[in-house]
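Down below is the structure, laid out as C-alpha cells.
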Number of protein chains: 2
Amino acid sequence: MALTPAQQTVFDVLSDAEGPLSAAEVLAELKNHAKTPGIATVYRALNAGLDSGTYVAVTLPGDDTTRYEPADRGHHHHFACTQCERVIDVAGCPGRLSPLVPDGFTLTGHDLTLFGLCDVCA
Amino acid sequence: MALTPAQQTVFDVLSDAEGPLSAAEVLAELKNHAKTPGIATVYRALNAGLDSGTYVAVTLPGDDTTRYEPADRGHHHHFACTQCERVIDVAGCPGRLSPLVPDGFTLTGHDLTLFGLCDVCA
DNA sequence: GTCGTTGCAAAGCGTTTGCAGCCTA
DNA sequence: TAGGCTGCAAACGCTTTGCAACGAC
C-alpha cells in the first residue's frame with residue numbers, strides 16, 4: 001500500500017515521536033516542515049493508518065483527545081507528564097493482573113497510564 | 001453545601017452505580033425516575049460535583065466520553081466489558097510500578113483499565 | 001420580590017464528511 | 001482526460017453557556 005505524500009509526512013512524524021501524538025500535535029509538528037497540510041488531511045491520514053493497522057489509537061485519562069502511535073511498538077504503556085502534558089512510551093508491564101479480576105470475569109487486555117513529572121519538568 | 005434537587009438525584013444514581021457512568025448513562029438512568037432533568041442540568045450537576053470534590057472524572061481508553069463516579073471510593077481501578085460496554089470498579093492495585101518509570105521521571109499516580117468480558121457476557 | 005435552579009436553544013470544540021479544484025500520469 | 005489527493009467549509013456529536021421562566025423563601 002503506497003502512501004500518499006501527506007500520509008508519508010504524518011507517518012514520519014509519528015515514527016519520530018517518543019510517544020503517542022494527538023492530531024493537533026501532529027499538525028503543530030508539521031508546521032515545522034515545508035508544507036503544512038490541512039487538519040482534515042491529517043485526520044484522513046491518521047484514520048487511513050488505523051484502518052490499515054499501521055497505527056493504534058490511544059486515549060489517556062483526563063485527556064479527551066485521541067492520540068495515535070505506530071502499531072509496531074509492541075506491548076507497552078504510557079507516562080503522561082502532568083506539567084508539560086507530554087506523553088512518552090514506557091517499556092515494561094506490571095503483569096500479575098489476574099488477581100484483580102472479579103470472579104466470573106474474563107481478562108483479555110489492559111491499559112496502564114502513569115502520571116508524574118517528566119525528566120524536563122522534575 | 002446543600003444539594004439542589006437535580007444534584008441530589010444525580011448523586012443518588014452515581015452512588016448506586018457499580019462503576020463510573022457517563023452523562024448519557026446518568027440521563028438514561030434518570031428516565032426511570034419520576035422526573036427527568038435536561039441534559040444541561042445533568043452536566044451542571046456533574047461539574048458542580050467535580051468542583052466540590054464529590055465526584056472524580058474518569059476517562060477510559062477507546063471511549064471518548066467522560067465518566068463520573070463518587071470520589072469516596074478510594075484507590076481502585078476499572079474493568080470495561082468489551083461486549084456490553086459496562087464499566088465496573090475493581091478493588092486492588094498491581095503496585096510495584098516504580099520500576100517501569102524511566103530515570104529522571106517522578107511518579108505521582110497511575111491509572112489502570114482492564115478489558116475483557118463481564119460475568120454476564122462471558 | 002429576590003435569588004437560585006432549571007430547560008431550551010445556541011455556541012464551542014474536536015472530528016468527520018461533501019465537494020470542488022489541483023496535480024500527476 | 002481520468003483518477004486520486006487535498007483544502008475549505010459545512011456537518012456532526014458531546015459538552016458548555018446564555019437567557020428567560022419557574023419555584024422557594
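Quantities reported herein were computed from a predicted structural model and do not represent experimental measurements. To find a chain, count down the sequence lines: A is the first, B the second, and so on, and within it residues start at 1.
Residue Asp64(B) is classed as having no contact, given no heavy-atom separation below 4.0 Å to the nucleic acid. Residue Ala24(B) is classed as having no contact, given no heavy-atom separation below 4.0 Å to the nucleic acid. Heavy atoms of Ser22(A) sit nowhere under 4.0 angstrom from any nucleic acid atom.
Between Thr54(B) and Ser52(B), the shortest heavy-atom distance links the atoms OG1-OG, 2.7 Å. Between Pro102(A) and Ile88(B) the shortest heavy-atom distance is CG-CD1, 4.3 Å.
Straight-line distance from the OH atom of Tyr68(A) to the C1' atom of dT16(C): 10 Å, rounded to whole Å. Atom-to-atom, CD1 of Ile39(A) to C1' of dC13(C) comes out at 12 Å; the value is rounded to the nearest Å. dG14(C) atom C1' lies 13 Å from atom CG of Leu27(A), rounded to whole Å. In this structure, the CD atom of Gln7(B) is 16 Å from the C1' atom of dA24(D), given to the nearest Å. Computed from coordinates, the Leu46(A) CG to dT16(C) P distance equals 9 Å when rounded to whole Å. Note: CG (Leu3(B)) to P (dG4(C)) measures 17 Å, nearest angstrom. Between the CZ atom of Arg67(A) and the C1' atom of dG14(C) there is a distance of 14 Å, given to the nearest Å. To the nearest angstrom, P of dT16(D) lies 11 Å from CG of Asp51(B).
Here dT17(C) is the nucleotide among dG7(D), dT16(D), dT17(C) with the atom lying nearest to any side-chain atom of Ala40(A). Set against dG18(D), dC5(D), dT5(C), the side chain of Arg44(B) has dG18(D) as its closest nucleotide. Which of dG14(C), dC5(D), dG7(D) sits closest to the side chain of Thr41(A) comes down to dG7(D). Of all nucleotides listed (dA9(D), dG7(C), dG14(C)), dG14(C) comes nearest to the side chain of Thr65(A).
Ring pair His77(A)/His110(A) is tilted by interplanar angle, where 30° to 60° counts as tilted.
Not a single donor-acceptor pair under 3.5 Å links the side chain of Ser22(A) to the backbone N or O of Arg67(A).
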Should Thr59(A) and Asp64(B) be marked as a side-chain contact (heavy atoms from CB on, under 4.5 Å) after you check the CA-CA gap, both sets of side-chain angles, and the distance that decides it? CA-CA 8 Å; Thr59(A) 315; Asp64(B) 50 1; 5.7 Å; no
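For dT6(C), the OP1/OP2 oxygens have a side-chain nitrogen or oxygen of Thr4(B) closer than 4.0 Å.
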